[in-house]
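Heads up: the structure comes next, in structure tokens.
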Protein chains: 2
Amino acid sequence: MAKRPADPTNANAPGARQVPMRDFSRSLPMSLLRAREAVMRQFRPSLREHGLTEQQWRILRALAAIEAAEVTELARTAFLLGPSLSRILRDLEARNLIERKTAKADQRRSMVSISEKGVKLMASVAPSSEAIYAEITRRFGARKLAELQEMLGQLELCLATTEARDEITDDA
Amino acid sequence: MAKRPADPTNANAPGARQVPMRDFSRSLPMSLLRAREAVMRQFRPSLREHGLTEQQWRILRALAAIEAAEVTELARTAFLLGPSLSRILRDLEARNLIERKTAKADQRRSMVSISEKGVKLMASVAPSSEAIYAEITRRFGARKLAELQEMLGQLELCLATTEARDEITDDA
DNA sequence: GGGAGATAATTAACATGTTAAGTGAATTCG
DNA sequence: CGAATTCACTTAACATGTTAATTATCTCCC
């Protein structure tokens, strides 16, 4: 009721905070979320055709680049939280796409590696995945893409230092 | 075993594809994912203290800027899929943070609006949320932040045209 | 060598992402 | 009018995100 005239900043809201919150559709988290969704929307259909989710694909890619990895290391590489990774590894193992064996030196650790079947699956997905990436690069521009990635890396870096306080004591 | 010397491109992997996939930790989806996570990691603790998830906060923010909205419109604004929104609205309504009433003209539509309690909750969260955003802006640089958002918007736009084929027939 | 603490991984519990199917109401068109 | 279609929303089913608690193992140190 009593609609105010169009005012994107909502600066005249009665009794509201003095400084209106920025139009949240233009907030940084939303911008990042939408950009990522726009990108992933390109890949998902292809992955789906091969029976893989985005996260499962990340794990296979991470494993393909190395001989074997501990779960914790894999979590860091594939940027997944432990619990998510634990579930996905269970499924991938049941599908015989990966193999695990506990480390001899430390029974707590388990070494994960991609299986032959996993390698073959990757080989069948990679071409279309590469093609999609190439198309994205073509549309957006290779140079601009590199610039964007550089900025994203800087953003990540400048925010990572927040947790430094917790780590200083560890390193000391 | 027989570890090869460090080779980020893995170009010499025996029997592997000729064109190695780019180091996936530098792929665009990963860059976007990590950047967004770095940002959200700043906000989550504050939201959590107020009993809100990131998505619930998005919905409240979206509703605060308008009088009322249909569910579909709200989904678009808060960038949530229908099923997610449906669940979250059910919970927010149970907590009396929002109100719903079915539209008179069209019984299928339901109008959602933020409640008094919801407004108060927002007011209690907004200050710290704004402070965090300001700190991010300070660290990364306001100009760079604007540049980044501009590029993200362009990326989204240049990929959105992919689905144009499906829409042409609608507009015709 | 044995108990307190640290560590690697999993499990638990709840919230959301994602696609498909279902439900009820409105619209179209014969 | 009324059957078929479309539409708005919800529910279902499964996969992942997120935090906390558990389990099993290892390390340290007395």
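What you see below is based on every heavy atom in this structure, not just the backbone, and it leaves out hydrogens, waters and symmetry mates. The chains referred to below are lettered A, B, ... by the order of the sequence lines, with proteins before strands, and numbering in each begins at 1.
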Once each nucleotide of nucleotides 14-19 of chain C is scored for protein heavy atoms under 4.0 Å, what B/S/- sequence comes out, 5' to 3'? -SBBBB
Under the side chain to side chain contact (heavy atoms under 4.5 Å, CB included) test, which residues partner A/R109, sequence neighbours left out? A/E70, A/A103, A/D106
Between the side chains of B/S84 and B/R87, is a donor N or O closer than 3.5 angstrom to an acceptor N or O? yes
Heavy atoms under 4.0 Å is the rule here; annotate nucleotides 2-7 of chain C 5' to 3' with B where the base is hit, S where only the sugar-phosphate is, and - elsewhere. -----B
Toward the 5' end of DNA chain D, which comes first, A/Q107 or B/E73, by nearest nucleotide? B/E73
Scan side-chain atoms only and decide if A/E99 and A/S115 contain a donor-acceptor pair under the 3.5 Å cut-off. no
Those residues that, when tested against A/Q154, pass side chain to side chain donor-acceptor pair (under 3.5 Å) (two or more places apart): A/E150, B/K144
Residues in side chain to side chain donor-acceptor pair (under 3.5 Å) with B/S128, at least two apart? B/S46
Let me know, please, whether A/V71 or B/K104 comes out on the 5' side of the other along DNA chain C by nearest nucleotide. A/V71
Salt-bridged, A/R34 to A/E37, with N to O below 4.0 Å? no
Could you list all the salt bridge (Lys or Arg N to Asp or Glu O under 4.0 Å) pairs where at least one residue sits in residues 113-125 of chain A, not counting sequence neighbours? none
Positive for side-chain contact (heavy atoms from CB on, under 4.5 Å) with A/M122, one of A/L63, A/I114, A/L97: A/I114
